Number of protein chains: 2
Amino acid sequence: MPVKVKRKEHINSAARNLFRERGYSATSMRDIASTVGIEVASLYNHIDSKESMLQQICFTMAEKFLAIIPLVKHLQERPEEQLKEAIRLHVLVITSHADESAVFVHEWKHLSEPHLSAFKKMRNNYEGFYRDLIRRGEELGLFKNIHEKFVMMVLFSSINWLYDYYKPNGKLNPSQISDIITDIFLNGIKNN
Amino acid sequence: MPVKVKRKEHINSAARNLFRERGYSATSMRDIASTVGIEVASLYNHIDSKESMLQQICFTMAEKFLAIIPLVKHLQERPEEQLKEAIRLHVLVITSHADESAVFVHEWKHLSEPHLSAFKKMRNNYEGFYRDLIRRGEELGLFKNIHEKFVMMVLFSSINWLYDYYKPNGKLNPSQISDIITDIFLNGIKNN
DNA sequence: CCTACCGATCGGTAGG
DNA sequence: CCTACCGATCGGTAGG
């Protein structure tokens, strides 16, 4: 990898990590510079601005999540199996990008317009996909009849904290994690 | 209520709300002052510092949550019923203090020492109570045998986002919310 | 990639 | 409760 690209990646990875640990607002460009080991001014040879780094993280992750939708739809199976597969892929994205996932979940509100609106739109699309799956499961009598938005929220909140739990060398690997989540969640909402 | 107390409460409520909406770091004392309708300097006749307001919120909420433990233990029932009651009370605290709950969940990391350590200790005690309940349920064969820390995390993450969902005039009241959460969660972890 | 520097804003204080 | 102000720090730029 060229030296310049490597340095840029170093800066972005420091930013990701600090944004996650301290939050976007509490992280200064000086923090990032000193983590990387260069002067603040030098950062700007590689990146455009503090917010541009936040944008990159949020939108890259949004795309990774949205890419799950066509993969799952392509399966053409029942809502239960589709949901299972969607959870499996979602967990894979989170566990393989823990820092970025934390920033995606918590720091998007610091985006400025028009990025903020664009981000919310993408997130709504993603959530809508799960709501539809849940609604279809309810209509087919597979799931209990609960307000889909509520069930969707329970699912997402159970899943979106995994970046905090997951450790690459921990007791559970991504596959075991999604199995357990799927087991608890699907048994929880299953009719009978 | 005396005028002075009323003004203080006004300041604290503005702070709670802004800390929740924008985050602690992104909220300035000038934001709080202008929401209340006074000058920044005047804030300091009522409060000690920006962090003192964060401390007040975090520790007041920690105490409200910890107060649930003796109430539940006093019941002397099976883990399943104790867990159900704990969830009911936890949801009540969150739904009746939505702003403070959001701050409690997300902004505690901006506490300085020794408050930060004290806060973490209280939170660990609270989480430990739920882990014990879950472990006892597993030992009695009532719950599936899953790593209790993981189950505890799923439970808390499902519950701690409720401040975002709950609207005082929304479709579900606190009692319905805890019924659904309990239903999904306990069926999810129940043995058969 | 650094030195030197910018205007803006930060939390907070003195003094009345 | 306000006017006036403090030193520190912010994101970012000019110029080499």
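Computed from a predicted model, the values in this text were never measured in an experiment. The basis for the numbers below is simple: all heavy atoms, side chains too, and nothing from hydrogens, waters or symmetry mates. Letters A, B, ... mirror the listed sequences (proteins, then strands); counts begin at 1.
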remark   = Under a 4.0 Å heavy-atom criterion, the protein footprint on nucleotides 1-16 of chain C, written with B, S and -, is BBB------BBBB---
message = Under the side-chain hydrogen bond (donor to acceptor under 3.5 Å, both in side chains) definition, can you give me all pairs with a residue in residues 61-76 of chain A, not counting sequence neighbours?
response = none
Cation-aromatic face contact A/Lys121/A/Tyr126, 6.0 Å, 45 degrees = no
remark   = Sequence neighbours excluded, the answer for side-chain contact (heavy atoms from CB on, under 4.5 Å) partners of B/Asn187 is A/Lys144, B/Asp183, B/Lys190
query = Just checking, is any N or O donor in the side chain of B/Ser117 or B/Glu113 under 3.5 Å from an acceptor N or O on the other one?
reply = yes
remark   = Sorted by chain and number, sequence neighbours left out, side-chain hydrogen bond (donor to acceptor under 3.5 Å, both in side chains) with A/Ser28 holds for A/Asp31
key: Donor-acceptor pair between B/Ser112 and B/Glu51 side chains, under 3.5 angstrom   = yes
ask   = DNA chain D: stems of at least 3 consecutive Watson-Crick or G-U pairs, cut-off 3.5 Å?
value = C:1-16 with D:1-16
inquiry  = Taking side-chain hydrogen bond (donor to acceptor under 3.5 Å, both in side chains) as the definition, give me every residue that meets it alongside A/Asn12, ordered by chain and number, with sequence neighbours left out.
reply    = none
